K.L.:
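The structure is given below, and queries will be raised subsequently.
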Amino acid sequence: MEGLIFSVSGARGIVGKGLDPLVLTEIAAHFGAFVGPGTVVVGRDSRVSGEMAAAAVTAGLVGVGIDVVDLGLASTPTVEVAVREIGAAGGVQISASHNPADWNALKLLSSRGIFLTASEGAELRARIDAGRPRFHAWDALGNVRRRDDLNEIHLDRILASELVDSEAVRRLAPRVVVDCVAGVGGPIACRLLERLGAHATFVHAEPTGRFPRNPEPVPENLRELGDAVRAAKADIGFALDPDADRVAVVDETGRPIGEEVTLAVVIDSFLPVLGGDVVVNVSTTMAIDDVAARHGARVHRTPVGEVNVTERMLEIGAKIGGEGNGGVIVPAVNPGRDGLLGIALWLTALAREGAGTAALAARIPSTVMRKEKIEVGGLDVDLVLRELASAFPGYQVDRTDGLKLLSPDGWVHVRKSNTEPILRLLAEARTGDAVNELVVRAREVAVRAGAAS
Ligand code: MG
């Protein structure tokens, strides 16, 4: 399976260059045999290749005797909710998330409605590497059933949460703009805002899969949303990624507050109600530590990857957490990242706290984060990490995931990407100059070590 990138929780690749119907059918069949017998939920985001991929995945599952519940276009959190609602043996979400339109991927869920864990992923990988799956005879095939009610059930779960105050939001009747980037989030976000009584306008709500911009909801991609927020005199703008598990916020002046702050505000507003500790990944903003300390809570940090956060949350009974890329997790609603829940929580915070979007964001201690990529081509990653550790004397060393070097005023984190052939370099500090200094120093070391390897 050349050209495919396997990670713990699935496989991704470029359509026609590694990711094709034959490969998808084989992976799906192995997955079905692994989680089955029983039912598997299949959903897809709006990518143009989604229909092909869903047909191939369905064929593979049915071929090994799995009954498929087909959701058609569905957000990733909706598929997660559906797996638990139906009592399915697993789920397959067809989405390459924030990656460009030529990519697609399988996100694989266990019967818990969360991504496969590292050991489950390794077991599936061994089956895939062992060769062709064993397909069943005509009288032992699975069947396919279509369900169209899961969006509403997902929204029922969100609105039934004690955290979401629909009445308060309805009284506030906020003006909201949502940028769905032609991903799958448009229709369900529209229904959510209807049910919450918000006055909503949309940018790129049609789920055509022809992304009008880079689909990652990071500040540099949210200019159009900012303009729309100002034009509509809206209270807040939301940007969903193509499969709607991540959400980023733009304030009433049209300024993106950043995905990291988007999560920090949710934690700041709801931690006092929920109590308990907070779980985030090692790359998430240090503002979370400040926020947690404010409410007397501890922060647990896991390796990057949603399932790592989810598993730790379930293990210690944490009630709120997530990933700094705009992924809010409240296990009582959904143990996976949920952009729709993020929207409902933000609107509740606005309604309850009587403060505007910018004012809520201003409560979060200000930091500057930089996220960079280093091409791996021929690089000795271990050598780079060793050299880095010695280039930052006096820094605390954290090897939870790659290498993180911390001081009281900032940190640098370098790790291999789970999804692309690159090293991710992240740094955060209290000022722009300080963070630039960290990045330049780390990059120099990496380039030098790269030249030597
Ligand atoms: Mg996503």
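Just so you know, ligand 1 is whichever comes first in the structure, and atom 1 is the first atom listed for that ligand. The structure presented is a predicted model; accordingly, all values stated were derived computationally and were not measured.
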K.L.:
Test Asp289 against every option in Arg298, Arg301, Arg294 by the side-chain hydrogen bond (donor to acceptor under 3.5 Å, both in side chains) rule and name the one that passes.
P.N.:
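Testing Asp289 for a side-chain hydrogen bond (donor to acceptor under 3.5 Å, both in side chains) against Arg298, Arg301, Arg294 leaves exactly one candidate, Arg301.
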K.L.:
Should Asp165 and Arg352 count as an ion pair when the cut-off is N to O under 4.0 Å?
P.N.:
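Judged by the 4.0 Å cut-off on N to carboxylate O distance, Asp165 and Arg352 do form a salt bridge.
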K.L.:
Is it the case that the side chain of Thr310 and the backbone of Pro335 share a donor-acceptor pair, with hydrogens and angles ignored and the cut-off at 3.5 Å?
P.N.:
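It does hold such a pair.
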K.L.:
The Mg ion (ligand 1): which protein N, O or S atoms are under 2.8 Å away?
P.N.:
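Near the Mg ion (ligand 1), the protein supplies Ser97 OG, Asp241 OD2, Asp243 OD1, Asp245 OD1.
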K.L.:
Do NZ/NE/NH1/NH2 and the carboxylate oxygens of Asp179 and Arg213 come within less than 4.0 Å?
P.N.:
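A salt bridge links Asp179 with Arg213.
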K.L.:
Got a sec, which residues hit side chain to side chain contact (heavy atoms under 4.5 Å, CB included) with Ala29, two or more places apart in sequence or on another chain?
P.N.:
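Ala29 satisfies side chain to side chain contact (heavy atoms under 4.5 Å, CB included) with Val64, Pro133, Phe135 only.
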K.L.:
Among side-chain atoms of Asn281 and Glu323, is any donor-acceptor pair under 3.5 angstrom?
P.N.:
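Short answer, yes.
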